[in-house]
Trainee: 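Pasting in a structure now, in structure tokens, and then I'll have a few things to ask.
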Amino acid sequence: MKSNKAAGAVPALKQTLSTMQLWGIAVGLVISGEYFGWSYGWASAGTMGFTVTAIFIAAMYATFIFSFTELTTSIPHAGGPFAYSKKAFGPLGGYIAGAATLIEFVFAPPAIALAIGAYLNVQFPALDPKTAAVGAYFVFMGLNIVGVQVAATFELLMTLLAIFELLVFMGVVAPGFSVAHFVKGGWSGQDNFSLASIPGMFAAIPFAIWFFLAIEGVAMAAEEAKDPKRSIPIAYITGILTLVVLAVGVMVFAGGSGDWTKLANINDPLPQAMKIIVGENSNWLHMLVWLGLFGLIASFHGIILGYSRQIFALAREGFLPHYFAKIHPRFNTPHRAILAGGAIGIAAIYSDELIKLGGQTLTANIVTMSVFGAITMYIISMLSLFQLRRTAPDMVRPFRAPFYPWFPAFALFGACVCMLTMIYYNLLIFGVFAGFMAFGYGFFLLTKHKRDDLGAYDAA
């Protein structure tokens, strides 16, 4: 068996990222979820029902992150969940986690890119949102190729501006906030929160997940962190706390600004909520649209970093063509992986008939596809944590999951509930997701001999 290392061909990433930059990545990966996507949950559950769903999902994410951090600090690998599951369950476990994470991170950016296009269309009505979305891909793929240090610094700046903008939004709409607006009845005047709303609360799960989706992407920057055993726990814990506070604030203030039914099923709920308070010609509204782009850009840019590292890690170990494991000789970034994920995302933007299933919008279905990948990865990651505690008790664990086994058990339970309900309410999208996983599994089986030839790269 030949070894990558012996052949001198193991691609390597530089350790350059600080704790602050990792926090910027953690929050930036997710913060677009405060700007759009979540309001689709109101269409299913109303504001009160969706609030209950969001609280449950927030608890799941909090326990998941505290548990996931143990894996990230113990096995700092660009593949993130792929590496943990491979160590726990072998190549098949690695494939399941890696393929699911790849679907999550490749399908999240086109949804965000479409939201960027929607925000720009508010300012420039003649600009086609899809054209703007593709333009965003080219700009930020280029920035990611230039170098991780430049990309992470830019990500931190965008994240700080996005947080500032969300605080501005809350401050501007606060004078018009009304509890009566937030709790009013839904589409047909029915009670906003009753037993009849419970099915809608389950159906709204993907959009509550969108509030926090992709924070686990910090794991894919672990190989590039200066001190992952110290900086990653700080970045994860402060990041999830930041996001919970922002999610609650944005949802409550937007829902209390006026008729919340007009904010469901759209890609730009915050500008439309502010328009209710300050009118269409207010400078505050124009400022929100421009500043709102910072949050979308932060997530879009950060997730490109995430998917590129996942493609790179899978290719490095032979789970994808080794072509994508190439590192740029000048910038030291996985440029081929960046371009490959972008090509898939751009195709998704124009795949209206393929992805527009079940009567939902293109954006809603792309969000759901991404969430299926995420939930699959959460489940196998928590199973990996339990497995490694049993089979590798002496493994160095710089951070240990608090309240073990209760925290990871609750995260696993929550993820299983999410998966079952999402399958029930999104069977067609799940069929497409399962098709992608099955296709990948076929490639996994056909390329076993190539992985044997490459040998195993073990960062643990």
Trainee: Measure the CD1-CZ distance between Ile215 and Phe212 for me, rounded to the nearest 0.5 Å.
Mentor: 9.0 Å

Trainee: Counting distance only, does the side-chain N/O of Tyr35 pair as donor-acceptor with the main-chain N or O of Leu293 below 3.5 Å?
Mentor: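 No: the side chain of Tyr35 does not pair with the backbone of Leu293.
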
Trainee: Strictly by side-chain hydrogen bond (donor to acceptor under 3.5 Å, both in side chains), give each pair with a member in residues 137-148 just once, sequence neighbours left out.
Mentor: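 Every side-chain hydrogen bond (donor to acceptor under 3.5 Å, both in side chains) pair that includes a residue of residues 137-148, provided the two are not neighbours, is Asn144-His301.
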
Trainee: Quick check for you: to the nearest 0.5 Å, what is the distance between Met422 atom CE and Thr376 atom OG1?
Mentor: 8.5 Å

Trainee: Between Asn121 and Pro125, is there a donor-acceptor pair closer than 3.5 Å when you use the side chain of the first and the backbone of the second?
Mentor: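 Confirmed, Asn121 side chain pairs with Pro125 backbone.
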
Trainee: Do Phe211 and Leu246 come close enough that some side-chain heavy atom pair is under 4.5 Å?
Mentor: no

Trainee: At their closest point, which heavy atom of Met382 faces which heavy atom of Ser67, and how far apart are they?
Mentor: SD-CB, 3.7 Å

Trainee: Decide yes or no for Tyr307 and Ile304: does some side-chain heavy atom of the first lie under 4.5 Å from some side-chain heavy atom of the second?
Mentor: yes

Trainee: Quick one: does any side-chain atom of Trp210 pair with a main-chain N or O of Pro206 as donor and acceptor, under 3.5 Å?
Mentor: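 Not at all, since once roles are kept as given, no pair shorter than 3.5 Å links the two residues.
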
Trainee: Let me confirm one number: the CD1-CG distance from Ile311 to Leu320, rounded to the nearest 0.5 Å.
Mentor: 7.0 Å

Trainee: Can you tell if the side chain of Leu270 reaches within under 4.5 Å of the side chain of Leu166, non-hydrogen atoms only?
Mentor: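 Touching, per the 4.5 Å side-chain cut-off.
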
Trainee: Mind checking what makes side chain to side chain contact (heavy atoms under 4.5 Å, CB included) contact with Leu160, not counting sequence neighbours?
Mentor: Trp23, Leu156

Trainee: Run the ring-centre check on Tyr84 versus Phe68 and record whether the distance is less than 6.0 Å.
Mentor: yes

Trainee: Would a 4.5 Å heavy-atom cut-off, applied to side chains only, mark Met437 and Tyr441 as touching?
Mentor: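 They are not in contact (no side-chain heavy atoms under 4.5 Å apart), so the answer is no.
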
Trainee: Is any side-chain heavy atom of Met369 closer than 4.5 Å to a side-chain heavy atom of Glu104?
Mentor: no

Trainee: Please report the interatomic distance CG(Leu71) to OG(Ser384), rounded to the nearest 0.5 Å.
Mentor: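 Interatomic distance, Leu71 CG to Ser384 OG, rounded to 0.5 Å: 6.5 Å.
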
Trainee: Report yes if the side chains of Thr72 and Val218 come closer than 4.5 Å at any heavy-atom pair, otherwise no.
Mentor: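 Heavy-atom side-chain distance check fails, nothing below 4.5 Å.
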
Trainee: Checking His322 side chain against Ala315 main chain: does a donor-acceptor pair fall under 3.5 Å?
Mentor: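 At least one qualifying donor-acceptor pair exists.
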
Trainee: Any chance the rings of Phe436 and Phe107 have centres within less than 6.0 Å?
Mentor: yes

Trainee: Quick check against the 3.5 Å criterion: does Asp128 have a side-chain atom that pairs as donor or acceptor with the backbone of Thr131?
Mentor: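 Confirmed, Asp128 side chain pairs with Thr131 backbone.
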
Trainee: Test your reading of the model: is there a side-chain donor-acceptor pair from His335 to the backbone of Ile145, 3.5 Å cut-off?
Mentor: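 Judged by distance alone, no pair lies under 3.5 Å.
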
Trainee: When you measure from the side chain of Thr53 to the backbone of Met201, do you find a donor-acceptor pair of N or O atoms at a distance under 3.5 Å?
Mentor: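 Checked: pair present.
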
Trainee: Any heavy-atom pair between the side chains of Met60 and Cys418 that's under 4.5 Å?
Mentor: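 Touching, per the 4.5 Å side-chain cut-off.
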
Trainee: If we count only N and O atoms by modelled type, under 3.5 Å, do the side chains of Tyr378 and Glu216 hold a donor and an acceptor together?
Mentor: yes

Trainee: Please report whether the ring centroid of Phe372 lies less than 6.0 Å from that of Phe433.
Mentor: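 Ring centres of Phe372 and Phe433 closer than 6.0 Å.
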
Trainee: If we check ring-ring contact (aromatic ring centres under 6.0 Å, His included) with Phe319, which of these qualifies: Tyr95, Phe312, Phe82, Phe443?
Mentor: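 Only one option passes, and that is Phe82.
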
Trainee: I need the Glu34 CD to Glu165 CD distance, nearest 0.5 Å.
Mentor: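 It comes to 11.0 Å.
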
Trainee: Just verifying a value: how many Å separate Thr159 OG1 and Met20 CE, rounded to the nearest 0.5 Å?
Mentor: 9.0 Å

Trainee: Establish, from distance only, whether the side-chain atoms of Ser44 and Tyr425 form a donor-acceptor pair under 3.5 Å.
Mentor: no

Trainee: With a 4.5 Å limit on heavy-atom distance, are the side chains of Pro129 and Leu120 in contact?
Mentor: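 Not touching, per the 4.5 Å side-chain cut-off.
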
